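First up is the structure itself, then whatever we jot down about it.
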Number of protein chains: 2
Amino acid sequence: MQSRPSAEPPGQPTAGPLAGSASHDDGNDAQAARPSVKDVARLAGVSVGTVSNVLNRPERVSSEVRLRVEGAIEQLDYVRNGAAQALRSGLAPFVGVAVLDIGNPFFTEAAVGMERRLREDGMVMILSSTHADVREENAILRLFEAQGVRGVLLTPAGSDVAAARELAARGMPVVLFDSAARPQGISSISVDDRLGARLAVEHLLDLGHRRIAFLNGPSAMRQSRDRLAGVQEAVSDLSRGRVTLMLVSLPAYTAPAGHDGLRRLLAREEERPTGIFCANDLIAFGAISALNEVGLSVPGDVSVIGFDDVALAGQLSVPLTTIRQPMDELGWHAVELLFDRSGGHRHERFPPELVVRASTGPVPAPAE
Amino acid sequence: MQSRPSAEPPGQPTAGPLAGSASHDDGNDAQAARPSVKDVARLAGVSVGTVSNVLNRPERVSSEVRLRVEGAIEQLDYVRNGAAQALRSGLAPFVGVAVLDIGNPFFTEAAVGMERRLREDGMVMILSSTHADVREENAILRLFEAQGVRGVLLTPAGSDVAAARELAARGMPVVLFDSAARPQGISSISVDDRLGARLAVEHLLDLGHRRIAFLNGPSAMRQSRDRLAGVQEAVSDLSRGRVTLMLVSLPAYTAPAGHDGLRRLLAREEERPTGIFCANDLIAFGAISALNEVGLSVPGDVSVIGFDDVALAGQLSVPLTTIRQPMDELGWHAVELLFDRSGGHRHERFPPELVVRASTGPVPAPAE
DNA sequence: CTGAAAGCGCTTACAG
DNA sequence: CTGAAAGCGCTTACAG
């Protein structure tokens, strides 16, 4: 997608200062080995166990000694060796997060919520994209496990959650993120995609639209299937008279895919839809731009509704009507769930929400 | 910004399966301790050193033994303990990345490039937001150091890069990302913001605009100052006759800030600008939406140009003219620079690039 | 080519 | 309240 830069820097790199010139640094050139507890103990005149105690249970140490140790720590610029700590205690401050695509705002907005929750416990995330590839997913999961992460948040690449199950069976806390799978022994968190899609199409129907297109994501993805089910439900359910449904399956949940899909749709259908439901906001953005290119206005000629409610959705020239997923909250709760050792596992499913903005409206005048 | 969810789940959580029911898992309930090299060695009938050798220098091991060890690894589902490896070898497969805001597409698009490069070497990133707060930055840097990351990519929160210098002085590879600072001993990578701003304003001038507004980000940020300098340069430089420059300083590089800033500008000025340069694309999106709200069209009534060229910029209903920063490449190169142990340190500065799309055009008819 | 042994820097019972 | 010692799971010279 992005062009791959060649090995040499395309910029105008400026050579750095030559090594070896005098008065480089304020002392300390000699790449001194990092000080260890041993050094701190020596300087403070105590044992290493005591140093460890002021680090981990300061209340057990007399304040006089504590102060002395803290002084030594300060003076030596001591930073605890996390690897040793992790090895001994079995605990590292990491949570592994493997999502389909770091570039997708749905996941980055969720990551914001994850990070916020993680920081409360002094933890950080290792973030990785699986690119929806099961092999990459497996490799990343292995790496997470090897590094002794405290838990794993995973958006499964496929419908196969075997890797996650095995991980969980080995004792690793795992939460499936944006997955409707409900394997036993693993918590999961998601939004009800089917309901969301239903709400979207019902909104279009309520506005009087009877020629409706659905620009869906890759049909192999669970999200796509669920949303399609919701669409069909809405259309057939209420026996609202004749509704024409046009389906387009896109290769990706991206704006360019939405753009191209819309063009294809227009080329294919004799009578164009008056309402379009896009399986996510990015697709909607692309579709709207394609619509404008051929001289159709939104919502004057065609109504468009998205899915997700990414940060930008409400702040564009024609603010997007969409189905809101509370990404930030989802991320926050995913972490919460990960550390909820209160026994059983849970499957949380958040309700999506219709957010009506400017991109949808009544069917234009020359209706049937 | 985002609403903070309460502790109880707002969804409709389904209780997980009760613990203790029979035939839960396929064996292996007993939370078996992870197998170690020792277990592998025992099963394969070799020493732990040999196991380590097949892991790290398989060519030194006879293929017969290697096969046996690999079989044992397979059979036990052995996963190497990364903490022990890191402790012993001093190397963890992590790079710490501390950016101002994970929610900002500029950084996430850069993170995509970083990740791509990192993966080539089997490494992953620990990603954290400093929220442009120096204290958070310090805490994160400490944590990175404690965890023995292989290097740190940092977007400095303030103009003060002391923390980064100290880190580097202790031997940690550090690259300043999107920073124009050139401290000795630290490489840096950035785009020439001043030139970018200059290109943007020159584009507006070339189109004939003489009433130009600049919606800038927070004035404390280096990026803002550099871009302002570029704007002023362009305006004063070429003595292109009278140019009226209106400056607005926004509290953040976000769409809502751009929206509000535009409204304020319109309220304040008697004669509105015909061209607006926004210090990033998000601000531009917000500004365009505010413009549309008051019935002004882009570029019919007002031209708008952004900065960054985020993924969405070209895919909106009115594709945004902008100054392109090659985020993905910047990220890729930042990692490259981090591991470039070829001696000195470098300061790479990429040239920004004008991307003309639909949001800018000639001055509208009722010109002066 | 393989094994025995030391040691990375911590933490954690266990004595005192 | 403090110290001595064992050990977490690896890797790495060093012998053989």
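Nothing here was measured: the structure is a model prediction, and the numbers come from that model.
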What pairs of nitrogen or oxygen atoms, one from the protein and one from nucleotides 4-6 of chain C, lie under 3.5 Å apart?
none

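Across residues 68-81 of chain B, not one residue has a non-hydrogen atom less than 4.0 Å from an atom of DNA chain C.
A:Asn81 meets the side chain to side chain donor-acceptor pair (under 3.5 Å) test with no other residue; sequence neighbours excluded. Partners of B:Thr50 by side chain to side chain donor-acceptor pair (under 3.5 Å), not counting sequence neighbours, listed by chain and number: B:Ser47. Listed by chain and residue number, B:Asn53 satisfy the side chain to side chain donor-acceptor pair (under 3.5 Å) test with B:Arg57 (two or more places apart in sequence, or in another chain). Applying the side chain to side chain donor-acceptor pair (under 3.5 Å) rule to A:Ser129 yields the partners B:Glu115; only residues at least two apart in sequence or on another chain are considered.
Within the structure, the side chain to side chain donor-acceptor pair (under 3.5 Å) test picks out no pair touching residues 83-102 of chain B (sequence neighbours left out). Evaluation of the ring pair (Phe, Tyr, Trp, His ring centres under 6.0 Å) test over residues 57-101 of chain A, restricted to residues two or more places apart or in two chains, returns A:Phe94-B:Phe94. Applying the side chain to side chain donor-acceptor pair (under 3.5 Å) test to pairs two or more places apart or on separate chains, those with a residue in residues 140-157 of chain A are A:Arg142-B:Asp77, A:Glu145-A:Arg170.
B:Asn53 has its CG atom 9 Å from the P atom of D:dT11, to the nearest Å. Spacing between atom CG of B:Asn56 and atom P of D:dG9 amounts to 17 Å, rounded to whole angstrom units. Rounded to an integer number of Å, the gap from NZ of B:Lys38 to P of D:dG7 is 9 Å. Distance, B:Arg57 CZ to D:dC14 C1': 13 Å, rounded to whole Å. With rounding to whole Å, A:Arg34 atom CZ is found 9 Å from C:dG9 atom P.
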Donor-acceptor pairs under 3.5 angstrom involving side-chain atoms of residues 132-140 of chain B: please list them, not counting sequence neighbours.
unit_1	atom_1	unit_2	atom_2	d
B:Asp133	OD1	B:Arg135	N	2.7
B:Asp133	OD1	B:Glu136	N	3.1
B:Glu136	OE1	A:Arg119	NH1	2.2
B:Glu136	OE1	B:His131	ND1	3.0
B:Glu136	OE2	B:His131	ND1	3.2
B:Glu137	OE1	B:Ala157	N	2.6
B:Asn138	ND2	B:Val134	O	3.4

Return all side-chain donor-acceptor pairs below 3.5 angstrom for residues 58-65 of chain B, not counting sequence neighbours, or 'none' if the list is empty.
unit_1	atom_1	unit_2	atom_2	d
B:Ser62	OG	B:Val65	N	3.4
B:Glu64	OE2	B:Arg68	NH1	3.4

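Distance check: B:Leu100 CG to B:Leu154 CG gives 8.5 Å after rounding to the nearest 0.5 Å.
Among the atoms of the strands shown, only primed sugar atoms or phosphate atoms (P, OP1, OP2) are found under 4.0 Å from some heavy atom of A:Ser36. Contact annotation for B:Val51: no contact, since no heavy-atom pair falls under 4.0 Å across all strands. Among the heavy atoms of the strands lying under 4.0 Å from A:Ser62 are primed sugar atoms or P, OP1, OP2 only; no base atom is included.
Contact check, A:Arg66 against D:dC1: no side-chain N or O comes under 4.0 Å of OP1 or OP2. Side-chain nitrogen and oxygen atoms of A:Gln85 include none within less than 4.0 Å of the OP1 or OP2 phosphate oxygen of C:dG9.
Each of D:dG3, D:dT11, C:dG3 was ranked by its minimum atom distance to the side chain of B:Val46; first place goes to C:dG3.
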Under a 3.5 Å cutoff on both atom distances, Watson-Crick or G-U, what's the dot-bracket for DNA chain C ([ ] crossing, | other strand)? |||.||||||||.|||

